[in-house]
Asks: 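Pasting a structure below so you can have a look.
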Amino acid sequence: MTVSDANGKLLVAKPSNSLSPIGYVWLFMSIAAINATAAVGFALAGAWLVLPFAGLELLAFGSALVITYLHHDDYESIAITDDVVVIQKHSYKNFEKFTFQRYWAKVTLRQALDGANAIFIGSHGKEVEFGSRFIIKEERAIIAEQLKQQLKII
Amino acid sequence: MSTTAVAHHDEHAAHPTGIMRWLTTTNHKDIGTMYLTFSLIMFLVGGCMILGIRAELFQPGLQLMKPDFFNQLIGVHALIMIFAALMPAATGFANWMIPLQIGAPDMALPRLNNWGFWLLPPSAILLTLPFTLALFGIGDGALATGWTFYPPLSIQGGIGVDFAIFAVHLLGISSVLGSINIIVTLFNMRAPGMTLMKMPMFAWGWLITAFLLIATIPVLAGAVTMLLTDRHFGTHFFDAAGGGDPILFQHLFWFFGHPEVYILLLPVWGFIPQILQTFSRKPMYGYKAQVYSFWAIGALSVVVWAHHFFTAGMPVPALLYFMYSTMAISLPLAVLFFCWIKTMWRGSMSFETPMLFTVGWIILFGIGGLTGLVLADVAADAQYHNSYFVVAHFHYTLFAGGIMGIMAGVYYWLPKMTGHMYNEKLGKLHFWLTAISFNLTFIPQFFLGLAGMPRRIPDYALQFAEFNMISSIAAFVLGLSQLIFVYNIISTIKGGKKASDQVWEGAEGLEWTLSSPPPYHSFSEQPIVK
């Protein structure tokens, strides 16, 4: 999905996280409650060896949620200023920033490795693919056209 | 151009080919295919084991094997069919279809997905290796306790029990990893607009299955570990001579074991209504009622476990509680049956193979459910317990309700997965042979149970001979008819008439919007659900 500012100079593409940050907490608490009820109940009946397995399972589940949450804020953005076009790609700790001179920057829409149309922005023989992780195929042509128009407006 | 960069790693950008594709794959479709293939292989292995059993039971007396080997085949057959055939089949469908159905590019944790699968082959080897070791004079074969591991027999058993305990641990870890992945995927990776109450029923079935696995697997893991320490480390958790309680094991085991039935069935209940609406060409009836019934069944399934051992002895209030709570499950289940039938009602129905299996499934699974009600009755259970009636009941539940449902799913989605239509004539032949031979195998077993034949015995009184003979002949027909299924799948993978994207005229859902077969990376862009 994409979010852009009012004048179209900044475009941010990010995943659709259907779980809110508070949802992570609720989900973990729900699983922990189910898991702990069974484990503590049987531990009280004498089967205490259930407890470490229940703990390990919760640890694994919690870790999975943390890993997923760390990618909660992944995004790709493109900002067009008077002089430059700045593309940023953020995936957990990986951060890439590409800067092109606005005057020379060129937007193209062509087939990428997966066979679908993708937006490429570049100049001087170098280019960056933008938005393929988060922008739907049908929207890419529209966004490419918008970017071309924005680059023309001085 | 200037960059301040750390190389962006996209694990899905390219994929290896050959054997490395399958060993290292994180693609949900590849992993789904591996689960389904593994399941089919183990289904045949487990089936061969039970044909050995039916051959022995063809007539009274001991013909082919010693009683201990007979017991080993029974126990390993059950473990393989439950853990290595049915569960991986459902997980295979989950991997293939859940991302497609909710509009996600893949599962939330692709590497975890890969590990989850690759724990299965070692566990299958652990289960069956003791048979081979025994041929070389090492140990006395596989576990001979039945799949339930009941002490004190399991404490006294040979190395087969240890192998099975470790196999169960690996299978449990695999199930937990799969469940975590499915829960995170369903909660966090749904396409924009797909609220929880818009999720396909299959996704709902799997979500509740995953919750059940999370709740019960640690209890099973703890129970078999306590068994292991009783066997080798001098503890007495279940050893009455040391102050332990063997009945505690039964509580622990069935706290897992009864929800396990629903763990096997809920994913099937998920896609059955989808098949019904496709071939009835009308919308699914009672979506919300079905979702709430799933939740009710899931919740009830973890509080009814002791009906599996009414005869072990427990206080009358406990007997009454477990009887009534077990019977209460029939209420939400009745809602489901009503919705399934109402979905077909006045529909423009056609009976392609998936629909045949589904309609047959409803009838046969219904018999499994109704005979379960009889067993839930404390007073009646004393008569039926440990008899062939129980064997027939749970095969109506797990073969008809589980495996025949999976077969319906295979025929339904195979064209989508492979891009080719299967052979319809062979599919229908497979259905009729399976349905008829299944009934001829297990209806006699109801009568055997009612007449008093106990389960898990290699020999029996002469009065049971005719029904056993019919059951054995039908079991071999049932087994051989599955070769048609295997042939049909393989020939469909190899080629055949090209399947359209929608495949079935009445098919609805995101998975049918993709090509057949879907691209290696489905939904690299996100669809929007309205």
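Naming convention: chains lettered A, B, ... in sequence-line order (proteins, then strands); numbering from 1 in each chain.
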Asks: To the nearest 0.5 angstrom, please state how far the CZ atom of A:Phe61 sits from the CG atom of B:Asn181.
Replies: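 If I round to the nearest 0.5 Å, the distance is 10.5 Å.
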Asks: So which residue, A:Val84, A:Val50, A:Thr37, A:Leu56, ends up with the most heavy-atom pairs under 4.5 Å with chain B?
Replies: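 Of A:Val84, A:Val50, A:Thr37, A:Leu56, A:Val50 has the most heavy-atom pairs under 4.5 Å with chain B.
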Asks: Measure across A:Glu57 and B:Val176 and return the closest heavy-atom pair with its distance rounded to 0.1 Å.
Replies: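 Closest approach of A:Glu57 to B:Val176: OE2-CG2, 3.2 Å.
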Asks: Which answer fits A:Leu58, side chain, backbone, both or neither, if we ask what part of it has an atom under 4.5 Å from a heavy atom of chain B?
Replies: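 Neither; nothing under 4.5 Å.
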Asks: To the closest 0.5 Å, what do you measure between CG (A:Leu49) and CG (B:Leu227)?
Replies: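 The CG atom of A:Leu49 sits 11.5 Å away from the CG atom of B:Leu227.
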Asks: If you count heavy-atom pairs under 4.5 Å with chain A, which of B:Ala221, B:Ala223, B:Ala215, B:Gly244 comes out on top?
Replies: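 The option with the most such pairs is B:Ala221.
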Asks: What closest approach, in Å, do B:Asn188 and A:Ser18 show between heavy atoms, and which atom pair accounts for it?
Replies: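 Of all heavy-atom pairs spanning B:Asn188 and A:Ser18, the closest is C-OG, 2.9 Å.
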Asks: What part of B:Leu213 gets within 4.5 angstrom of chain A, counting heavy atoms only: side chain, backbone, both, or neither?
Replies: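 The backbone, not the side chain.
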Asks: Only one of A:Leu19, A:Leu27, A:Leu65 forms a side-chain contact (heavy atoms from CB on, under 4.5 Å) with B:Val184, so which one is it?
Replies: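 Only one of A:Leu19, A:Leu27, A:Leu65 forms a side-chain contact (heavy atoms from CB on, under 4.5 Å) with B:Val184, namely A:Leu65.
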Asks: Given heavy-atom pairs under 4.5 angstrom as the criterion, report whether the side chain, backbone, both or neither of A:Ala39 touches chain B.
Replies: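 Neither part, no heavy atoms under 4.5 Å.
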Asks: Apply side-chain contact (heavy atoms from CB on, under 4.5 Å) to residues A:Phe53 and B:Val219 and explain how you reach the verdict.
Replies: CA-CA 8 Å; A:Phe53 290 103; B:Val219 178; over 6 Å; no
Asks: Is B:Phe187 in contact with chain A via its backbone, its side chain, both, or neither, using a 4.5 Å heavy-atom distance?
Replies: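 For B:Phe187, backbone and side chain are both near chain A.
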Asks: What heavy-atom pair brings B:Ile214 and A:Asn35 nearest, and what distance separates the two atoms?
Replies: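 The pair with the smallest heavy-atom distance is O-ND2, 4.1 Å.
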